[in-house]
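Given the structure is predicted, the values throughout are model-derived calculations rather than measurements. All chains are named by letter (A, B, ...) in the order of the sequence lines, taking the proteins before the strands, and each is independently numbered beginning at 1.
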Amino acid sequence: MRDLCLLSVGEMLGGMAAGEFTSQDLTQACLARMAALEPQIHAFLFIDADGAVNAARAADARRAAWRMGDDSLPPLLGLPIAVKDVLMVQGMPCTCGSKILEGFIAPYTATPVQRLLDAGVVIVGKTNTDEFAMGSSTENSAYGPTRNPWNTAHVPGGSSGGSAAAVAARMVPAALGTDTGGSVRQPASFCGVSGIKPSYGRVSRYGLVAYGSSLDSVGVLARSAEDAALVFQHMAGQDAMDATSSDLQVPSYTASLPQNLSGLRIGVPKEYFIDGMQPAVEQRVREAIAQMEALGAQVAEISLPYTSYAVPVYYLIAPAEASANLARFDGIRYGPRETGENLLDVYHHTRGGCFGSEVKRRIMLGTYALSAGYYDAYYGQAQKVRTLMKRDYDKAFEIVDVIAAPVAPTTALRFGQHTDDPLAMYLEDVFTLPANLAGVPGLAFPVGFDTAGLPVGMQLMAKPFNEALLFQTARVFQAQTDWHRRMPEQGG
Amino acid sequence: MRLSREEVEHIARLARLDLAEDELTRYQEQLSAILEYAQSLQAVETGKIEPTSSVLPPRSVLRADEPGAVFSAEELFANAPDMQDNQFKVPPVFEGGSDA
């Protein structure tokens with residue numbers, strides 16, 4: 001029998017519809033592959049084998065009833081997926097990669113996850129993440145890092161590194177991720193998979209444990225733009241439980257494809273090709289842009305002059321929001337509690353003892369940026385420069401349809417490369433932060449490899465709420481290329 | 001931009017974080033370096049620029065004030081580290097004995 005894990009989302013859904021295999025076959029195949037590869041990869045913090053098998057059996061029963069003429073069929077019925085451990089799934093643990101939520105069982109399900117459950121998916125487990133999604137490597141997970149399936153001496157990226165590695169190793173066809181400053185796109189790039197970071201407001205954040213509330217977005221990682229679109233279609237849309245979710249209608253993300261990119265205007269920002277970036281990254285990205293030009297796109301160099309301020313703006317705004325959001329973790333209502341003489345002691349000991357070093361660093365930074373006497377100079381000024389950065393994008397999208405750029409200055413880093421130098425680690429995020437600050441959607445996908453055989457990714461960005469154009473452009477590119485079909489030997 | 005030891009201790013108190021000596025030393029170094037780097041923002045002319053707190057235009061989101069589904073006390077206390085009689089149990093808030 002063929003290896004069901006290697007099929008695309010479309011092939012999986014088609015195979016089940018045609019009666020070639022069942023959701024139980026598919027789910028068992030995923031669970032078997034997870035069991036075989038997890039000792040090397042550690043993509044998961046929780047695997048719900050029994051729950052997944054039961055859900056698959058229920059999906060198969062529903063399909064059988066439908067064949068007998070019963071009811072309509074949910075569009076993703078029986079499809080196994082994984083969920084990043086910052087999104088709640090009722091009855092499953094939700095640790096956010098932190099000791100401060102060790103043992104926490106989610107009392108309700110996040111809206112994007114619920115919508116996918118309503119669409120029929122089977123959840124196999126929760127994927128590893130940097131603690132509270134703060135990091136770019138999964139090295140900040142309190143439960144140990146995930147390893148890159150292409151080379152286990154390298155990080156998978158982060159913070160959605162567990163989801164990216166699980167998809168790259170073909171353990172699951174798709175996995176949910178979140179992106180506050182690049183946490184879907186950068187691990188997608190490091191692991192050679194495709195990942196969508198939606199516009200701010202396109203997907204409900206209800207049930208996502210908040211990090212930076214004005215920046216957080218929920219996306220999906222999959223092996224191709226088409227696979228990602230098939231899943232993303234059922235996550236997007238307004239939700240009464242998130243007042244920032246947009247009431248704009250959700251278009252079809254899997255509409256029929258044009259033959260080429262004729263008429264598409266692609267802008268290439270000169271600020272995204274900087275001194276010190278890995279030459280192979282620039283080469284692969286420029287080759288991909290040239291290929292898009294050969295497919296009919298018009299390519300022009302553009303300028304986004306405030307790009308270089310993305311790191312200081314983000315690393316003041318996001319920690320400021322995080323310092324407020326993470327105030328709720330105090331050992332009173334959930335999570336472990338450290339002992340203390342009085343209530344204040346309990347707060348200090350629990351937070352000091354259970355938060356990891358990067359989370360404490362960002363809470364400290366944010367607390368300082370918001371404190372009396374420094375608010376205007378740090379947080380206030382960062383918010384004003386954010387306005388200028390957003391204007392950069394508004395202006396660019398008057399003359400181009402999409403912006404094409406590298407996702408990160410390098411391919412996957414080795415473990416420990418920046419652990420003693422947080423500023424150096426933050427600087428690696430320079431190409432992904434602007435999309436979050438401006439609220440625009442971004443889609444990352446593989447465009448080749450470096451000399452060491454590690455994947456290189458590129459990202460496309462578009463006007464807010466134009467995810468459809470990103471999916472379409474990447475699908476045309478992927479119809480002509482096979483980078484997204486390459487898979488690591490580790491998972492082979 | 002160089003944070004003093006006292007400033008770092010003050011921030012930790014504001015943030016309700018009990019930090020070890022070596023953590024205070026490390027954060028003093030690292031936060032100083034990060035804030036030094038962030039000084040580049042001071043050079044940006046932002047005189048008449050409005051701050052962005054959300055990329056979405058402000059809008060009012062209202063709904064009818066009707067009760068919806070609620071969690072049971074049992075569900076909400078399921079994750080509590082300490083509870084008694086359907087209440088969260090905590091150590092004394094005020095010092096000075098039980099006559100307060």
Among [options], which has the most heavy-atom pairs under 4.5 Å with chain A?
options	answer
B/D18, B/V93, B/L35	B/D18
B/V61, B/V90, B/L41	B/L41
B/A80, B/P92, B/A33	B/P92
B/R63, B/K89, B/Q42, B/R59	B/R59

(message) For a 4.5 angstrom cut-off between non-hydrogen side-chain atoms, does B/R16 reach A/T350?
(response) no
(message) Side chains of A/V346 and B/P91, heavy atoms from C-beta outward: is any pair under 4.5 Å?
(response)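 Yes - at least one pair of side-chain heavy atoms lies under 4.5 Å apart.
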Largest heavy-atom contact set with chain B, pairs under 4.5 Å, which of [options]:
options	answer
A/S246, A/A369, A/G380, A/A377	A/A377
A/A243, A/S214, A/G439, A/G201	A/A243
A/I105, A/T244, A/L101	A/I105
A/G366, A/A438, A/P464	A/A438
A/L316, A/V313, A/I332	A/I332
A/S323, A/G335, A/S371	A/G335

Which bit of [X] comes within less than 4.5 Å of chain B, counting heavy atoms only: side chain, backbone, both or neither?
X	result
A/Y426	side chain
A/L427	side chain
A/L437	backbone
A/F465	side chain

Nearest-0.5 Å distance, [atom1] of residue [X] to [atom2] of residue [Y]:
X	Y	atom1	atom2	answer
B/R26	A/D420	CZ	CG	8.5 Å
B/I34	A/M364	CD1	CE	10.5 Å
B/T52	A/L388	OG1	CG	8.5 Å
A/L365	B/Y27	CG	OH	11.0 Å
B/K48	A/T387	NZ	OG1	15.5 Å
A/R386	B/S54	CZ	OG	7.0 Å

(request) Begin with the C-alpha distance, continue with both residues' side-chain angles, and end with the deciding distance and a verdict on side chain to side chain contact (heavy atoms under 4.5 Å, CB included) for B/L3 and A/Y368. (result) CA-CA 10 Å; B/L3 291 177; A/Y368 182 77; 3.6 Å; yes
Of the backbone (N, CA, C, O) and the side chain (C-beta and beyond), which part of [X] lies under 4.5 Å from a heavy atom of chain A, both, or neither?
X	result
B/L19	side chain
B/A78	neither
B/V55	both

(message) So that I can tick it off, tell me whether A/K384 and B/E50 are bridged by a salt bridge, with the cut-off set at under 4.0 angstrom between side-chain N and carboxylate O.
(response) no
(request) Check the surroundings of atom NZ in A/K463: do more than 12 heavy atoms from other residues, nucleotides or ligands lie under 6.0 Å from it? (result)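 No, the 6.0 Å shell around NZ holds no more than 12 heavy atoms from other groups.
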(request) Verify the neighbour count for atom NE2 of B/H10: are there more than 12 heavy atoms of other residues, nucleotides or ligands below 6.0 Å? (result)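 Not buried by this count: 12 neighbours or fewer within 6.0 Å.
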(message) Looking only at the side chains, is there a donor atom on one of A/Q381 and B/T46 sitting less than 3.5 Å from an acceptor on the other?
(response)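 The criterion, which ignores hydrogens and geometry beyond distance, is satisfied for B/T46 and A/Q381.
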(message) Quick one about A/Y378 and B/Q39 (side-chain donor to acceptor, distance below 3.5 Å, no hydrogens or angles considered), yes or no?
(response)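 The answer is yes; a qualifying pair exists.
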(request) Work out which heavy atom in A/P312 is nearest to a heavy atom in B/A38; give both atom names and the distance. (result)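 In this case the closest contact between A/P312 and B/A38 is CB-CA, 3.9 Å.
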(request) Test A/Y108 against B/F71 for side chain to side chain contact (heavy atoms under 4.5 Å, CB included), laying out the working first. (result) CA-CA 9 Å; A/Y108 64 95; B/F71 294 104; 3.5 Å; yes
(request) Please lay out, stage by stage, how A/Y306 and B/V44 fare under the test side chain to side chain contact (heavy atoms under 4.5 Å, CB included). (result) CA-CA 10 Å; A/Y306 287 97; B/V44 182; 3.9 Å; yes
(request) For B/E23 and A/S357, run side chain to side chain donor-acceptor pair (under 3.5 Å): C-alpha distance rounded to whole Å, both residues' side-chain angles, the deciding distance at 0.1 Å, then the answer. (result) CA-CA 8 Å; B/E23 286 183 297; A/S357 64; over 6 Å; no
(request) In sequence, state the C-alpha distance, the side-chain angles, and the governing distance for A/R333 and B/F77, and then conclude on side chain to side chain contact (heavy atoms under 4.5 Å, CB included). (result) CA-CA 7 Å; A/R333 291 157 298 165; B/F77 283 112; over 6 Å; no
